[in-house]
Protein chains: 2
Amino acid sequence: MARPRAFDQSTALDAATQRFWAAGYAATSVRDLGESMGLSQASVYNAFGDKRALFTQCLDHYLDANMRARITRLEPSLPPRQAIETFLHEIVERSLENRLGCMLANAAQEVAPHDTVIAAIIAERMGELESFFRRCTEAGQRAGAIAASVDPIATAQLLLTTVMGLRVLARGYPLRDLLEGAARQALSVLGSPTTQPTERNTP
Amino acid sequence: MARPRAFDQSTALDAATQRFWAAGYAATSVRDLGESMGLSQASVYNAFGDKRALFTQCLDHYLDANMRARITRLEPSLPPRQAIETFLHEIVERSLENRLGCMLANAAQEVAPHDTVIAAIIAERMGELESFFRRCTEAGQRAGAIAASVDPIATAQLLLTTVMGLRVLARGYPLRDLLEGAARQALSVLGSPTTQPTERNTP
DNA sequence: GTTGAATTGGAGCGTTCGCTACAGAATTAT
DNA sequence: ATAATTCTGTAGCGAACGCTCCAATTCAAC
């Protein structure tokens, strides 16, 4: 019983997310966001609340579309060790495609220290990623692809740290050799494959 | 033959660095900086140039006083493997003391993508840290404390990535257990100590 | 003591910031 | 049609931004 929106909420959120992702919170103005979304400032405020509220929606949107989507895509479809390996390799490739890094890491550095609500979101999502790595490590051990001597908790902690580190390097030191070497060495803590998960079975 | 400065340049640079470190580039105003330094805006511009020039001086100042100082303190005084271990442990402790993270990592994320000059500084300093880890790894291998099978280049790349990752987590997910676990697992790529560098010699 | 160069604080430049008031346009319920 | 309700663009609010001008001040050189 009223005038409907002339724009698609999700598309607009995508555009805003891209802006925040590229330039960060402080350096992105609401006018910039409106321009990217094709909206006037008034519509932005009407549809999304204030700048901070829009940012949290963008952050959630980004994390659902990227990190969580990657987890839910890889975890059920790949053997656990390969899921870990593929996750890291995809992060490396994405980091080399564009130098935007990871909006989660960016937000953790820029926003989290000064905003407890956003900090809680970030901590929760980092916990999700850590849990993914731990589940995969444990499942890999049960499947025999990862040595039982590996500590799943510390491994998940290192892998989470590595992902965040790769995202920083993507912005400040984006060399393929560096990112690939770091990822490969991080994966080496899983030990030599007890089976050959990435190759076809060779009798 | 003129009026001398009423403030100490280095002390003022310290104060400005602290501000930039805590709040980042965009969120720190020149008025904030002047207040921290005890200077009027005019004096800031007179002594340090514009905001961007001041930032680069602060970044250099920070890196000399922290990263480079830590390298030059640890590398000559400790066995190479211990130098690496101590470096990471100090990073963990510093990260838990305050949640400011690392100004290098912060700048890499916020400033580097939009400023090629600062990006070059950041890349150079990251290269320095990477070299430190590589030198120590190679020296540790010569001394027999690190297995010869370890790849020094990839190891240095992982350690650099880990340091950056730890600094992000310090801001967004600052749990001691997490940081210590990640550091311990990263160090595990050096392999089991062939000698016991951290303990006294036990016959 | 005089001169001259550099520093200092205050005022203010123009611009942009986040945000809002308001009037008109658009759509559904009646 | 009319009314009710929501969206949209324009204009503009006060505040803060980076930066600069300028008169007053300070101290070394002479």
Side-chain angles (χ1 to χ4, degrees), chain A residues 1-59 106-107 110-118, chain B residues 1-59 106-107 110-118:
Chain A
M1 55 167 151
R3 177 177 176 180
R5 294 242 160 89
F7 63 94
D8 179 60
Q9 186 108 356
S10 174
T11 306
L13 211 54
D14 271 334
T17 301
Q18 201 70 25
R19 274 279 193 169
F20 274 133
W21 189 2
Y25 182 82
T28 304
S29 73
V30 179
R31 284 169 181 83
D32 292 336
L33 294 164
E35 192 182 350
S36 291
M37 295 190 273
L39 299 179
S40 69
Q41 267 195 90
S43 294
V44 174
Y45 279 92
N46 181 54
F48 300 99
D50 63 7
K51 183 184 178 184
R52 180 167 162 276
L54 175 55
F55 183 79
T56 66
Q57 293 174 67
C58 287
L59 186 57
N106 298 353
E110 183 187 3
V111 186
H114 315 294
D115 190 315
T116 57
V117 174
I118 294 180
Chain B
M1 55 167 154
R3 177 177 176 180
R5 296 239 159 90
F7 64 93
D8 178 62
Q9 186 107 356
S10 174
T11 306
L13 212 53
D14 271 333
T17 301
Q18 201 70 24
R19 275 278 193 170
F20 275 132
W21 189 2
Y25 182 82
T28 304
S29 73
V30 179
R31 284 170 181 83
D32 291 337
L33 295 164
E35 191 182 351
S36 291
M37 295 190 273
L39 299 178
S40 70
Q41 269 195 90
S43 294
V44 174
Y45 280 91
N46 180 54
F48 299 101
D50 63 7
K51 184 185 178 183
R52 180 167 162 277
L54 175 55
F55 183 79
T56 65
Q57 293 174 66
C58 286
L59 186 57
N106 298 353
E110 183 187 3
V111 186
H114 316 293
D115 190 314
T116 57
V117 174
I118 294 179

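Sequence lines set the chain letters: A, B, ... in the order given, protein chains first and strands last, and positions in each chain run from 1.
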Specify the separation, in whole Å, of atom [atom1] of [X] and atom [atom2] of [N].
{"X": "A/Gln9", "N": "D/dC7", "atom1": "CD", "atom2": "P", "value": "10 Å"}
{"X": "B/Arg31", "N": "D/dT20", "atom1": "CZ", "atom2": "C1'", "value": "12 Å"}
{"X": "B/Leu54", "N": "D/dC19", "atom1": "CG", "atom2": "P", "value": "10 Å"}
{"X": "A/Phe48", "N": "D/dT8", "atom1": "CZ", "atom2": "P", "value": "10 Å"}
{"X": "B/Phe55", "N": "D/dC19", "atom1": "CZ", "atom2": "P", "value": "14 Å"}
{"X": "B/Glu35", "N": "C/dG10", "atom1": "CD", "atom2": "P", "value": "13 Å"}
{"X": "B/Asn46", "N": "C/dG10", "atom1": "CG", "atom2": "P", "value": "16 Å"}
{"X": "B/Tyr45", "N": "C/dT8", "atom1": "OH", "atom2": "P", "value": "16 Å"}

**Asked** Which value, rounded to the nearest 0.5 Å, describes the distance between A/Asp115 atom CG and A/Phe55 atom CZ?
**Response** 9.0 Å
**Reported CZ-to-CG distance for the pair B/Arg52 and B/Leu54, which is rounded to 0.5 angstrom** = 12.0 Å
Between [options], which one does the side chain of [X] approach most closely?
{"X": "A/Lys51", "options": "C/dG18, D/dC17, D/dG9", "answer": "C/dG18"}
{"X": "A/Gln41", "options": "C/dG10, C/dG18, C/dG12", "answer": "C/dG18"}
{"X": "B/Val30", "options": "C/dT20, D/dC17, D/dG18", "answer": "D/dG18"}
{"X": "B/Ser43", "options": "C/dC19, C/dG9, C/dG12", "answer": "C/dG9"}

**Prompt:** Short question: side chain of A/Glu110, backbone of B/Glu110 - any donor-acceptor pair under 3.5 Å?
**Reply:** no
**Message:** Using only atom types and a distance under 3.5 Å, with no angle test, would you say the side chain of A/Asp32 pairs donor to acceptor with the backbone of A/Ser29?
**Reply:** yes
**Item:** Residue whose nearest DNA chain D nucleotide is more 5′ - B/Thr28 or A/Leu39
**Value:** A/Leu39
**Prompt:** Looking only at side-chain N and O atoms, does A/Ser29 come under 4.0 Å of OP1 or OP2 in C/dC17?
**Reply:** yes
**Request:** Respond yes when some side-chain nitrogen or oxygen of A/Ser40 is under 4.0 Å from OP1 or OP2 of D/dT8, and no when none is.
**Result:** no
**Asked** Under the criterion side chain to side chain contact (heavy atoms under 4.5 Å, CB included), which of A/Trp21, A/Phe20, A/Phe48 is the partner of A/Cys58?
**Response** A/Phe20
**Message:** Heavy-atom nearest nucleotide on DNA chain C for A/Tyr25 versus A/Ala42: which residue maps closer to 5'?
**Reply:** A/Tyr25
